[in-house]
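Scroll down for the structure; my scribbles are underneath it.
As the structure lists them, so they are numbered: ligands from 1, and atoms in each ligand from 1.
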Amino acid sequence: MCGIVGAIGPMDYKPFLTGGLRKLDYRGYDSSGLAFWNDGKISLYRALGSVDNLASIVPDRHPGSAGIAHTRWATHGGVSVENAHPQRSWDKKVYLVHNGVIDNFEELRAWLRERDFSFRSDTDTEIIASLIAYYLSEGERPLTAIKKTMERLDGSYALAILFSGIPGLYFAKNKSPLVIGLGIERINCLASDYAPLMDVCSDFTAPEDGTYGLLTGNAVFAFRGGKNIPLSFEPRNREDYTFDLEGYPHFMLKEIAEGPKVIRHAVSANFDAKTGYLFEQSIISSLRAADEIVLLGCGSSHYAAEAGAAYLNRSGFRAVSYIASEWIHGLYPRSRKPVYVLISQSGETADLISCLDLIDGEGRSVAIVNAKDSTIARRSDHVIYIGAGLEVAVASTKSFLGQLAILMLLAGALRHDDAVPLKLLDAATSVEEVIRRKSEIDTLASECYTARDAFFVGRGMDYFASEESSLKLKEIAYVHSEAYPGGELKHGPIALIEEGVPVFAFIGNPELGKALRSNVQEMMARGAASYIVSSSSSAREGDGFVYPAVDPSFAVFPEVAFGQLLAYSLSLRRGLNVDKPRNLAKSVTVN
Ligand code: F6R
């Protein structure tokens, strides 16, 4: 989703702003732009496509004493230069970049039209610039104009704002991520996350929703509801935000390879062989006291939640999982004493933040999050960090394994079951073996890379591996893919099976293997090209890929590693951008 960067003070702005945007480009975007403030005048540059296109139209060593920049992932209005940010008010007094979505923008646009405002773009962002300009034209000073504008906006926004003829880098924030950094040499900066600021800033703060203010080269002033508020700045560990391929051709492959390390880290951070589980006691007590554990997530994080809920149920605890964007519609029963577990890599997913809006104040939320100090981590009552390290590729890989490992450890802690960490360590070893045999998966990909459709099937816990693998194939390889529990195929989907359609079947549980093999036979009888991925304790002659057996509930780990590598290989074979698939964003900050 959109990313913003801004700075004020003496510096060479072009490399800082374009470099900053490149560090945010994992978020996904389709156009970019920047603006420089120089002696009261603002110059604007915008381009479609990559940040390289933008850099090619911006003069080197462009003069300026403040600058703002943006990568846009289109929401309101198509992909065009006019819709790219920075957006400006019609009178060119206000220039701003925006991450978020304004829900009442149509109403505000009509209101502004009645006051003779015109618009150049289809964006909700231009409405914000125009509203601020309106209040300026009424004689308000910039900070009051921003405050009055915020009072009119429904929705989410992180804004960086420049005013023609008025020095200062202004900001406002509600429900979209924003970080402010104190610069090392008379500069101050802001951005959607820490990465673009690490080279030039020493200490950082993430302002609360409703905050607005002003950065100068020497100071940061923040306000909420007209009152000056103090901000506390803290240093950050640079290594947590560095992007390095470490010799891998793509971040996705590097991150898949880090899967075993992430599982082992989850174990060592949350379990000690001598003292037992290390989770905060208050988390364990509230989960034990809950009449229902409600797991919420989106996409891959939802699949981790599904597998985690199944394992918690199996461990004797009542758990349910829901897609966050659906749960908010109130269709599902709410028990008397639930605990909510919010699962997210980025910690910024808007659909999950909407869940938090509904459960705020109940004192019952536990976040399982990768990104430190992200909105979901800060707003939840408790947080467990996944500790997977920065995940750059858009597709979630290592963080999925980390999320599931933490959920299984929680189940182990609730049940005082010290075998769970050992089973996870076995799973890490099995994943390692899958990764070591990547070339076999590459060969398989070379045989089926022209397929337009694919199916993934499994039973029991293996079904969750099917769901996650199928999602990976869709998003990275653009192959239409369906995941089904084996028993469900004959109730409809089997009608789609044609000659040569690839069917990947996961069998990690020997007891369920027989039934799934019958389902696969039914598909093969109708022409499917089946490929069975089984554990060494479930394997039969002729299976396509056999991984080292683990406890059947933990087979999801090696199976998902197989699915991740298959999607990676197919994506490359199909000549696609593995790390940045089309239309997708790493941090989904709109509902
Ligand atoms: C899939 C993927 C997405 C995310 C989903 C939730 O590879 O990356 O489906 O899992 O957008 O994101 P987080 O975990 O950041 O809340």
Test log, rule side-chain contact (heavy atoms from CB on, under 4.5 Å), inputs Ile384 and Leu410: CA-CA 10 Å; Ile384 302 169; Leu410 277 175; 4.0 Å; yes
Short N-O contact, Arg318 and Glu292, less than 4.0 angstrom: yes
Carboxylate-amine/guanidinium proximity below 4.0 Å for Asp30 and Arg582: no
side-chain hydrogen bond (donor to acceptor under 3.5 Å, both in side chains) partners of residues 444-453, not counting sequence neighbours, each pair once: Asp453-His480
Geometric cation-pi criterion Arg236 and Phe204, 6.0 Å radius, 45° cone: no
Arg437 to Phe545 six-membered ring, cation-pi geometry met (6.0 Å, 45°): yes
Neighbour list for ligand 1 [protein residues, heavy atom under 4.0 Å]: Cys298, Gly299, Ser300, Ser301, Ser344, Gln345, Ser346, Thr349, Val394, Ala395, Ser396, Leu471, Lys472, Glu475, Val588
